[in-house]
Amino acid sequence: MEKFNGVIVKHFDYMESSLILHVYTIEGMKSVLVRGGKKFKSPFLGAQNTMSFVEFHASGKAMMTAKEMTLLDSFPGIRSSVEKTTYASHMLELIEHFADGGIDHKKAFPFLVKILAKIDVETEYIPYVNMFESKLLYLLGVNPHFRECVVCQSHDHLSFSIQEGGMICDDHPHANNEYSHQCVELFEFLYYYDLQHPSSIETDHETLAELRHLLDAYYWYHLQIKTKSRTVLEGFLGY
Ligand SMILES: [Zn+2]
């Protein structure tokens, strides 16, 4: 019997009455079979939903079978908002997509749980989604460089370049000042933000919308991904 905590990223019907859960854990993705999970009288109802943070007792090797599941957090504040749910689904899609890509799960898993807890309770929660995306770039090895020109290490006349993966000065072809100073400053602030020693996050709608575009472009250029949830968000946000 193995005991572990995980966030349910996806679930599938299996056979007549069972479910298979894809669970993100501190060791990466695991598949867990829940016998009778589809039945109304399943003892695990509530604990087997997507996005739930759950403690599992499970047995088996390649495919584990759940023996006990305890709901640690269902994130009710996320579930009650379609927009929060879509942002959280965007994060889960990113995690699932990159889980086998060599990220450090010991860092990524507790971070994901902390960010979900923040989104759950905060009204101004979008910076926490952006913080997750920013720090995930570091875990994926395509982190942006903010402190100096990535080409010549100059500190003057810098602007952010998606292609170069950071700041570059006016002397280079990709310099175009496409992103505002406020947007790049917020990106850097969230990238370095320490959740252990939180400070207030001050921003506005316009800057967040611009950062949304920057992150989308960065993920597309360096990782070739746009999530389905991001496409759904376009419907709500209009961008
Ligand atoms: Zn330079």
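Position 1 is the first residue of the sequence; numbering continues from there. None of these values were measured; they are calculated from a predicted model. Numbering of ligands and ligand atoms starts at 1, following listing order.
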Residues 101-111, side-chain donor-acceptor partners within the protein, below 3.5 Å, at least two apart:
residue: D104; atom: OD1; partner: K106; partner atom: N; Å: 3.1
residue: H105; atom: ND1; partner: Y24; partner atom: OH; Å: 2.7
residue: H105; atom: NE2; partner: A99; partner atom: O; Å: 3.2

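- A search for salt bridge (Lys or Arg N to Asp or Glu O under 4.0 Å) contacts involving E210 returns nothing, not counting sequence neighbours.
- Annotation: cation-pi pair K226/Y219 absent, no NZ/CZ under 6.0 Å from the ring centroid and within 45° of its normal.
- Note on ring orientation: taking the six-membered ring where Trp is involved, the planes of Y179 and F160 are perpendicular (angle over 60°, cut-offs 30° and 60°).
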Using distance only, find each side-chain donor-acceptor pair of residues 27-35 under 3.5 Å and give its atom names and separation, not counting sequence neighbours.
residue: E27; atom: OE1; partner: K30; partner atom: NZ; Å: 2.7
residue: K30; atom: NZ; partner: E2; partner atom: OE2; Å: 3.2

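- The side-chain tip of R147 points at the ring of Y192 from less than 6.0 angstrom away and within 45° of straight on.
- Note on the Zn ion (ligand 1): protein N/O/S atoms under 2.8 Å are C149 SG, C152 SG, C169 SG, H172 NE2.
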